[in-house]
Amino acid sequence: MTDSDRDEVLAICDRDPVSNVFVSSRVRNAGLDPRRLGAQVWGYYEGGQLISLCYSGANLVPIEATPAAVIAFAERARMQGRRCSSIVGPAQAVTQLWGLLSPSWGRARDVRAVQPVMTISGPPRVPADPLVRTVRLDQLNVMMPACVAMFTEEVGVSPIGPDGGVAYRARVSELIRAGRSFARIEDGRVLFKAEIGAATPLACQVQGVWVPPEARGRGLASRGMAAVVTAALATMAPVVTLYVNDYNAPARAAYSRVGFTQTGTFMSVLF
């Protein structure tokens, strides 16, 4: 797809603004030129009408993908070889896509087959933590260890790659500059953090929720998330969403206390 297809692509994404918020946000911000987007977006047509998409970048993401579209996307992905670090998206499409790709792509590092997609569009059910604030750029050095710890714990590998963490630090800095990084910081120590990783006029997605292990079980996550939800609903979008591993019972309980409810299911395949 090219920039001339932008309106059609966004119309497909907006069929499910929650599930498709990541790709929709990227396209809204960068367009469809692969040099700006850092990815290709593939389109699948039936009867001359665009019906499905697939984002192919650091992540491989099927969007509104019919079974026939998934077959076509899998063939394209197989021909170019694996370039992504994960496949992520609605569980039904990702299950089919991975089933078609696994014989040629080999074993995944991890398969997270059930990841509840949760949303909230009204006031949180618990009081917001008044000490959770928008992170300032001069707090970047305080935030970095927490961000690295969260990423390593969640993904299973460190984000500090061959570049010594330059790219990851730039991403953390980008979110801070955009006013989309939130934290409770006391005495130079992060006790809660979360970011809005993607945002459109229709929905925004929370990522990177983290409380240090020694501070867990004190309600910091639920009250912190209440603060993030309150800020996001007031300034970013009418719906706040996230997805969580089904086996992470404490996180799911915290989100439920805040008022999040499950509205879908994702699946992730990690390499």
Side-chain angles (χ1 to χ4, degrees), residues 10 13-26 28-29 61 63-64 88-92 94 112 114-135 146-147 150-151 153-154 175-176 178-184 190-211 215-268:
L10 290 177
C13 290
D14 289 349
R15 289 180 189 170
D16 186 344
V18 167
S19 292
N20 302 325
V21 63
F22 166 72
V23 174
S24 182
S25 174
R26 295 280 296 136
R28 279 179 159 90
N29 291 332
V61 186
I63 304 143
E64 302 298 300
V88 61
Q92 184 174 357
V94 173
R112 300 177 181 182
V114 180
Q115 296 177 303
V117 176
M118 307 183 77
T119 62
I120 185 171
S121 56
R125 295 177 182 169
V126 299
D129 186 341
L131 298 181
V132 170
R133 312 279 174 77
T134 305
V135 177
C147 292
M150 176 282 305
F151 189 101
E153 181 178 341
E154 172 62 23
L175 291 172
I176 292 174
R180 286 162 41 179
S181 177
F182 300 86
R184 174 172 174 164
V190 176
L191 293 180
F192 165 86
K193 76 161 207 72
E195 295 88 33
I196 304 295
T200 74
L202 302 177
C204 64
Q205 185 179 72
V206 180
Q207 66 177 36
V209 181
W210 185 80
V211 172
R216 294 173 188 173
R218 292 163 41 186
L220 289 167
S222 58
R223 295 194 301 272
M225 282 298 295
V228 173
V229 166
T230 299
L233 291 176
T235 64
M236 296 185 194
V239 178
V240 180
T241 184
L242 53 80
Y243 62 99
V244 59
N245 294 314
D246 65 326
Y247 53 79
N248 192 343
R252 293 179 65 183
Y255 302 147
S256 294
R257 283 194 296 272
V258 174
F260 282 87
T261 57
Q262 183 172 352
T263 56
T265 305
F266 269 14
M267 172 177 171
S268 295

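What you are looking at is a predicted structure, and each value in this text was computed from that prediction instead of being measured.
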Reported CG-to-OG distance for the pair L10 and S25, which is rounded to 0.5 angstrom: 10.5 Å

Measure the spacing between OG of S256 and CD of Q262 and express it to the nearest 0.5 Å. 9.0 Å

Within this structure, what is the CZ-OG1 distance for the pair F260 and T119, rounded to the nearest 0.5 Å? 8.0 Å

Distance col, row N245:CG vs E154:CD, nearest 0.5 angstrom, shows 5.0 Å

Test: ring-ring contact (aromatic ring centres under 6.0 Å, His included). Region: residues 220-241. Which pairs qualify, not counting sequence neighbours? none

Distance-only criterion, 3.5 Å: show the donor-acceptor pairs between side-chain atoms of residues 195-203 and protein atoms not counting sequence neighbours.
from, atom 1, to, atom 2, distance (Å)
E195, OE1, K193, NZ, 3.0
E195, OE2, K193, NZ, 2.7
T200, OG1, L202, N, 3.0
T200, OG1, A203, N, 3.2
T200, OG1, A203, O, 3.3

For V244 and A251 the tightest heavy-atom approach is CG2-CB, 4.0 Å

Heavy-atom nearest pair, Y255 first then V209, reads OH-CB, 3.5 Å

How close do N20 and C13 get, heavy atom to heavy atom, and via which atoms? ND2-O, 3.0 Å

Output every pair passing salt bridge (Lys or Arg N to Asp or Glu O under 4.0 Å) with a member in residues 120-129, not counting sequence neighbours, ordered by first then second residue. D129-R184

If you measure from OH on Y247 to CZ on R112, what distance do you get to the nearest 0.5 Å? 3.5 Å

Scanning both residues in full, the closest heavy-atom pair of V190 with W210 reads O-CZ3, 4.1 Å

What heavy-atom pair brings G179 and F182 nearest, and what distance separates the two atoms? O-CZ, 3.9 Å

Working to the nearest 0.5 Å, report the span between CG of L175 and CD of Q207. 6.0 Å

Any pair with a residue in residues 215-244 that passes salt bridge (Lys or Arg N to Asp or Glu O under 4.0 Å), sequence neighbours left out, goes on the list, sorted by first then second residue, please. E153-R216

Got a sec, which pairs hit salt bridge (Lys or Arg N to Asp or Glu O under 4.0 Å) with one end in residues 244-259, sequence neighbours left out? none

Identify each donor-acceptor pair in which a side-chain atom of residues 229-242 lies under 3.5 Å from a protein atom, sequence neighbours left out, and give them as a table.
from, atom 1, to, atom 2, distance (Å)
T230, OG1, A226, O, 2.8
T235, OG1, A231, O, 2.8
T241, OG1, M118, O, 2.9

Decide side-chain contact (heavy atoms from CB on, under 4.5 Å) for V88 and F266; before the verdict, give the C-alpha distance in whole Å, the side-chain angles of both, and the deciding distance to 0.1 Å. CA-CA 7 Å; V88 61; F266 269 14; 4.2 Å; yes

Can a donor-acceptor pair be found, under 3.5 Å and without considering hydrogens, that links the side chain of Q115 to the backbone of S268? yes

